[in-house]
Amino acid sequence: MVESEYIRIMTESLEKKRDILGKVIELNKQQKFLLQDPNLSPEQFEENMQYKANLVDQLNLLDSGFEKLFNRVRDALNNNRDLYTSEIRRMQELIKDITALLNTVQTQEVRNREEVTRKFASVREQVKGVRNSQKVVNQYYQNMMKRGNVAPQFFDNKK
């Protein structure tokens, strides 16, 4: 039966989504620790963000595939609920788990966004301090260079 195969694929899709969300949660935890590290290298942060972006792309693909399959079997599920009771229950449990994981991810994202804002503000202040220091050093250098070309104060005009 084609519908039962589609339902099995939909269940597998939900399980994959749950697993990927677990990985995203772990990456968010890593990101939090990276942001708290004062010696954070941009490469580490970028690598974390890129890996997370890849996982989000996979989630989007799973969602679109699930939706297409569901549209194909919606009528069969509604008309034959008693035939697919265990499969429907399993999908409902997975969806409940996924919803809880999504809430966790959203909370982590908000916290990490605040941490990123603080981190970048700190970096901006450091850059501003370095620029000011460079400006002072340049002014000092310019002043010292001008002092070397001072005209003689006393000049003897007699020969």
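Computed from heavy atoms alone, side chains included, the values below leave out hydrogens, waters and symmetry copies. Just so we're clear, the structure is a prediction, and the values are computed from it rather than from any experiment.
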Quick check for you: to the nearest 0.5 Å, what is the distance between [X] atom [atom1] and [Y] atom [atom2]?
X: D19; Y: K16; atom1: CG; atom2: NZ; value: 10.0 Å
X: E15; Y: D97; atom1: CD; atom2: CG; value: 10.5 Å
X: I20; Y: L27; atom1: CD1; atom2: CG; value: 11.5 Å
X: N80; Y: E3; atom1: CG; atom2: CD; value: 8.0 Å
X: T11; Y: L94; atom1: OG1; atom2: CG; value: 7.0 Å
X: E115; Y: Q108; atom1: CD; atom2: CD; value: 13.5 Å

With sequence neighbours excluded, tell me which residues meet side-chain hydrogen bond (donor to acceptor under 3.5 Å, both in side chains) with [X].
X: N79; answer: none
X: D63; answer: K17
X: R8; answer: E5, E12

State yes or no: do [X] and [Y] share one hydrophobic cluster built from I, L, V, M, F, W and Y residues joined by side-chain heavy-atom distances below 4.5 Å, directly or via other members?
X: L61; Y: Y51; value: no
X: V56; Y: V110; value: no
X: I95; Y: M10; value: yes
X: M91; Y: V2; value: yes

Review point. Distance-only, no hydrogens or angles: does the S13 side chain make a donor-acceptor pair with backbone N or O of I9 under 3.5 Å?
Key: no
Check your understanding: Okay, side chain of N28, backbone of N112: is any donor-acceptor separation there less than 3.5 Å?
Key -> no
Practice item. Check side chain to side chain contact (heavy atoms under 4.5 Å, CB included) between I88 and all other residues, then give those that pass, not counting sequence neighbours. Key: L77, R81, Y84, Q92
Practice item. Could you tell me which residues satisfy side chain to side chain contact (heavy atoms under 4.5 Å, CB included) with R72, sequence neighbours excluded, listed by chain and number? Key: Y6
Review point. Counting heavy atoms not belonging to R111, are there more than 12 under 6.0 Å from its CZ?
Key: no
**Study point:** Exercise: identify the closest heavy-atom pair between T104 and I25
**Key:** CG2-CD1, 3.9 Å
Point to revise | Residue pairs passing the salt bridge (charged side-chain N to carboxylate O under 4.0 Å, His left out) test where at least one lies in residues 43-60, sequence neighbours excluded | key: K52-E109
Check your understanding: Is it true that E93 and K96 make a salt bridge, defined as a side-chain N closer than 4.0 Å to a carboxylate O?
Key -> no
Point to revise | Candidates E67, K68, R74 - the one meeting side chain to side chain donor-acceptor pair (under 3.5 Å) with N71 | key: R74
